[in-house]
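All values derive from a computational prediction rather than experimental measurement. Proteins come first, then strands; the chains are lettered A, B, ... in the order of their sequence lines, and each starts at number 1. Values below: all heavy atoms of this structure, side chains included; hydrogens, waters and symmetry mates excluded.
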Amino acid sequence: MMTAINWPGVWAIFHHEMMRFFRTIMQSLLSPVVSTTLYFVVFGAAIGGRIQSVEGVPYGAFIVPGLMMLTILQQSVSNASFGIYFPKFSGTIFEYLVSPVGWIEVTMGFVGAAAAKSMMIALVILLTSFFFVGVHILHPFWMLAFLFLTALGFSLLGFIIGLWAKSFEQLQLVPMMVITPLVFLGGAFYSASMLPPFWEGVAKLNPVLYLISGFRWSFFGLADVPVGVSLVAVAIMVGVCLAIIRWIFATGWRLRE
Amino acid sequence: MAGIIQIDNLSKQYGGGTRALSDVSMDIEEGEIIALLGPNGAGKTTLISIICGLVVPTGGTVRVGGHDIRTDWRAARRMIGLVPQEIALEPFETVMNCVRFTRGLYGEGRDDAYIEQVLRSLALWDKRDAMTKELSGGMKRRVLIAKALAHRPKVLFLDEPTAGVDVALRREMWQVVEGMRKDGVTIILTTHYLEEAEEMADRIGVINHGRLLLVKPKDELMGEFGRKTLTIELDTALDAIPSALAGRGLELAQDGRHLRYDYDTRADRTGIARLLGDLAAQGITVRDVSTKQSSLEEVFISLVDDGDKNSAAEDAA
């Protein structure tokens with residue numbers, strides 16, 4: 001009885017998804033670079049000039065991790081949700097259900113590709129930021145580790161949204177109504193310690209704060225919450241998402257209906 | 001020898017209580033073409049969907065090549081190719097990449113030489129770099145067949161393969177299927193076109209209301225249920241059937257020049273020789289004779305009608 005993972009199957013899905021990304025490489029990369037440049041101009045140059053520094057870090061450099069996080073969260077969710085929703089929309093989802101690939105291969109293929117794409121875009125944004133501000137990365141390994149774990153966690157979330165969605169409207173609803181507000185309120189452009197104590201407490205209920213905090217720590221050694229807590233938060237998110245995906249495939253909810 | 005597909009007491013009841021399949025059992029032999037006939041909603045697609053993994057059965061078992069479709073699903077699915085009823089293709093992907101992708105999903109390494117062979121056999125090689133959205137409906141259907149063959153399946157399911165295609169293309173599809181049979185692929189097809197089943201199948205299964213009414217070799221089915229009609233053309237028109245020939249079930253056409261005689265091919269004596277002798281004895285000269293066997297369509301309608309009557313009787317009881 002064959003129970004081993006079907007690696008050619010994983011590669012087929014991953015490669016297929018990456019090819020779609022490369023077919024539209026200009027719009028995939030250009031759009032985030034342009035919007036990041038605008039953020040640097042508005043927040044870095046126009047407003048940042050008046051703020052000077054946050055906990056000793058120039059404001060322009062301080063927002064780089066937040067901008068990267070904003071991008072990686074949005075891109076991970078949209079790439080993964082669109083990736084699995086499109087076969088549902090076009091009817092080609094049947095291929096995944098009749099071929100010898102299980103939930104683990106399908107998830108690895110789609111989520112792996114979505115995470116790889118969003119990491120590439122985030123790294124391009126980092127390169128773009130070098131043109132505007134001097135950024136020194138204190139812990140490059142942890143920076144990449146946080147980048148990977150966050151891309152993974154939110155690609156898994158996006159994958160669930162794509163499995164759940166029954167229309168393109170639903171597909172865009174969660175990123176627009178939930179992800180973007182969480183990032184803006186999660187300290188992308190400020191430190192939680194700049195908030196009054198009550199609001200600082202409220203901000204700590206936002207899971208995205210832990211990601212941005214950990215990520216910013218890898219750049220500057222500054223964190224709103226302990227780094228270990230950030231890592232545990234990401235690990236919990238990955239675990240919960242995997243459990244939900246496994247349940248969806250086991251029951252066929254929104255897949256075999 | 002056990003069949004390549006063994007279906008035992010397969011049942012499916014949907015959440016709302018609809019019973020789509022009831023205790024279906026059958027064996028499908030390696031290398032044969034079997035056609036599943038039945039009206040809309042009879043359970044044909046449900047049966048195929050269960051074997052392929054799209055629908056979870058509520059009872060019974062299915063083994064493909066000895067592999068249980070639920071406990072050993074990876075090995076079972078590797079043996080199967082499915083051409084679905086609806087045309088579903090990635091619109092912005094090329095034909096070649098579509099087929100390569102399916103091959104990968106089935107755990108097979110890249111083999112462009114084999115894919116070329118498949119695309120050539122389906123007259124798609126010239127379109128290998130075309131995006132699927134640029135293809136005609138018939139070509140898209142052939143791409144679906146190419147995808148289903150990408151991993152060299154032992155068993156191929158064709159769910160209404162020629163639905164909505166023109167007559168010329170339908171004939172072309174039949175040739176493709178015949179080619180696959182020669183390669184030793186076992187083919188299970190569902191169809192509304194009885195002509196299609198008559199043309200291609202070795203065996204025919206009739207499904208109605210989720211029950212398998214019968215599975216028989218096509219020729220046996222035709223012989224068993226098929227009645228033949230003998231038409232006798234007369235030299236001179238008759239006003240009425242002579243009294244000496246009364247009670248033979250003869251029918252005189254309005255023109256008085258044609259006699260029709262229905263007979264059972266299964267009977268020991270068809271009565272044809274006696275009838276012709278009696279006609280000669282009455283001084284009636286026969287100009288020509290012809291026979292016509294009832295089509296599979298007539299056989300099918302009679303089977304389904306009988307099945308409906310039986311179901312109604314069971315419901316009443």
Just so I understand: if I count every heavy-atom pair under 4.5 Å between each of A/I13, A/T92, A/I93, A/V10 and chain B, which residue has the most? A/T92
Looking only at A/Y96, A/W7, A/W11, most heavy-atom pairs under 4.5 Å shared with chain B are made by A/Y96
Contact origin within B/E90 toward chain A - heavy atom pairs under 4.5 Å: both
Any side-chain heavy atom of A/F154 within less than 4.5 Å of one from A/V208? yes
Any side-chain heavy-atom pair of B/S11 and B/D23 under 4.5 Å: yes
For the residue pair A/F184 and A/Y39, categorise the inter-ring angle as parallel (less than 30°), tilted (30 to 60°) or perpendicular (more than 60°). tilted
Below 4.5 Å from any heavy atom of chain A, which atoms of B/L89 appear? Answer side chain, backbone, both or neither. backbone
Most heavy-atom pairs under 4.5 Å with chain A, out of B/R77, B/R110, B/R103, belong to B/R77
Mind checking whether A/F215 and A/I72 have side chains closer than 4.5 Å, heavy atoms only? no
Given the ring of B/F92, does A/R23 sit roughly above its face, with NZ or CZ under 6.0 Å from the centre of the six-membered ring and within 45° of the axis? no
Answer key: most heavy-atom pairs under 4.5 Å with chain A among B/E93, B/E108, B/H151 is B/E93
When you check the gap from the basic side-chain N to the acidic O, do A/E95 and B/K147 get nearer than 4.0 Å? yes
Could you tell me whether the side chains of B/K44 and B/T190 share a donor-acceptor contact shorter than 3.5 Å? no
In terms of side-chain geometry, is the basic nitrogen of B/R100 or B/D112 positioned less than 4.0 Å from the acidic oxygen of its partner? yes
Just give me the residue among A/S90, A/A12, A/G91, A/G109 that pairs up with chain B most often, heavy atom to heavy atom, under 4.5 Å. A/A12
Angle between ring planes, A/F82 versus A/F168, binned at 30° and 60°: parallel, tilted or perpendicular? tilted
Quick check: under 4.5 Å, non-hydrogen atoms only, which of residues 64-71 of chain A neighbour chain B? none
